[in-house]
Amino acid sequence: MPLVFSLNVPLAPMTTLKVGGPAKYFAEIRTEEEVQEAFRFAREKNLPVFVLGGGSNIVIADAGFPGLVLRNELKGFREEGEADGKVLVAAASGEDWDALVVYAVDRNLAGIENMSGVPGTVGSAPVQNVACYGQSVSEVIREVRGVDMRTGERKVPGRYFVTEVVVALAPGGKVNLSSYQDVAKYAESLDHAPSLMEVRQAILAIRAKKGMTVLPEHEVFQSVGSFFKNPAVSRELFEKTRIKIETEGGPGCEGNWFWEQGDKVKMAAACLLERSGFPKGQALGKVGISPKHSLAVVNLGGATAAEVAGFVKSVRAAVREKFGVELEPEAEAVGFAEAPW
Ligand SMILES: Cc1cc2nc3c(=O)[nH]c(=O)nc-3n(C[C@H](O)[C@H](O)[C@H](O)COP(=O)(O)OP(=O)(O)OC[C@H]3O[C@@H](n4cnc5c(N)ncnc54)[C@H](O)[C@@H]3O)c2cc1C
């Protein structure tokens, strides 16, 4: 069956932020041959291509995407034997990342349990370098397989549509308690060593409290998770910022709000937002900061991409004006003619 290309397909419902216009052309990819076919189509029509996973880290322009959007529906898990004492699991890139975590935890394979509940697909995990609660996907990735977008060749690595990701996981289910403080604290509250499933449940509970899941059993906010990166600044700028923060006092910068990173100092973006007039729950029209997480920009209902971009601009301007610090977004702008924020 030839691949079906649809016209003007709305993209907002396929994203977690729920903003943006349609894809000019759209296709759902279920086999590697279809990836090749889609790239041929795009080359013939000279179209830009966008690979859509779970849409959980993107802001799509109100005008939509003026090319071909490929929604990744490649599915399946396979075990590929062992190497260096680790079990190799090959996951098709269209699988939910969290389905891979469940697959691993069910088989007592350790290494990704702290990354339970991260939205999105397996294929974008290496692109985004997913990390949280003391674990990072870069620590477990063995191989990333894909198809080159320009030539259609099967290449590893290159600039490609990721089709499969191989992760190396530790058998035996031993929990690494030093990986994350809250996991260690949780383990202390038990009368036995926690299982991977118990760690998963603990992480999901932490995420739910912060409004950082898209699981139907939790309260879900329309966001891309953390919108801003924690900025790394020069020592000089850090000192100026520290003096302002300590002299003023007030909420938002409790605990460790800065840490060393080489010759720079990294600061918690959440602290800077709070002290610049954007605390949790602060809204401007239909866009605001989540009431449960200081870095999540939330579509409160019916917002446009332009309204989200306007809000992000206001936040960045407030932090720049107050501290002289430039906040960089984590989220990716898709389909915009020029940088939206
Ligand atoms: C509530 C919430 C909580 C979050 N928490 C975390 C967290 O704790 N840690 C974290 O790291 N992130 C977090 N995120 C961000 C997001 O989940 C990750 O960035 C995730 O990896 C994005 O996956 P996706 O499939 O949705 O990618 P998309 O948003 O669909 O795409 C993101 C980018 O990856 C590219 N891409 C997607 N699939 C492929 C592929 N197969 N081949 C090539 N390129 C591809 C896209 O083209 C795009 O450039 C969170 C997001 C939300 C909404």
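We're numbering straight along the sequence, starting at 1. Both counts, for ligands and for their atoms, begin at 1 and track the order of listing.
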Is any N or O atom of N129, backbone or side chain, closer than 3.5 Å to an N or O atom of ligand 1?
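Min N/O separation from ligand 1 is not below 3.5 Å for N129.
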Atom 29 (O) of ligand 1 [closest protein heavy-atom partner, distance rounded to 0.1 Å]
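Answer, as residue, atom name and distance: N57 N, 2.9 Å.
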In terms of residue, atom name and distance, what is the protein heavy atom nearest to atom 48 (C) of ligand 1?
E332 OE1, 3.2 Å
Do the non-hydrogen side-chain atoms of F323 and R275 ever get within less than 4.5 Å of each other?
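Contact flag for F323/R275 side chains = yes.
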Would you tell me whether Y103 and E79 have side-chain atoms, one donor and one acceptor, within less than 3.5 Å of each other?
yes
So, are [X] and [Y] salt-bridged, with charged N and O less than 4.0 Å apart?
X    : Y    : value
K322 : E248 : yes
E80  : R142 : no
E260 : R235 : yes
E73  : R71  : yes
R242 : E246 : yes

So which heavy atom on V199 is nearest to which on P194, and how close?
CG2-CB, 4.2 Å
Please list, in number order, the atoms of ligand 1 under 4.0 Å from a heavy atom of [X].
X    : result
M212 : 1 (C), 3 (C)
C132 : 8 (O)
G120 : 23 (O), 24 (P), 25 (O), 26 (O)
F50  : 46 (C), 47 (O), 48 (C), 49 (O)
T16  : 53 (C)
T121 : 23 (O), 24 (P), 25 (O)
N72  : 41 (N)
V130 : 11 (O), 21 (O)

Classify the ring geometry between F278 and F311 as parallel (under 30°), tilted (30 to 60°) or perpendicular (over 60°).
perpendicular
Does F221 come within less than 4.0 Å of ligand 1, judged by its heavy atoms?
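No.
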Hey, is E330 one of the residues with a heavy atom under 4.0 angstrom from ligand 1?
no
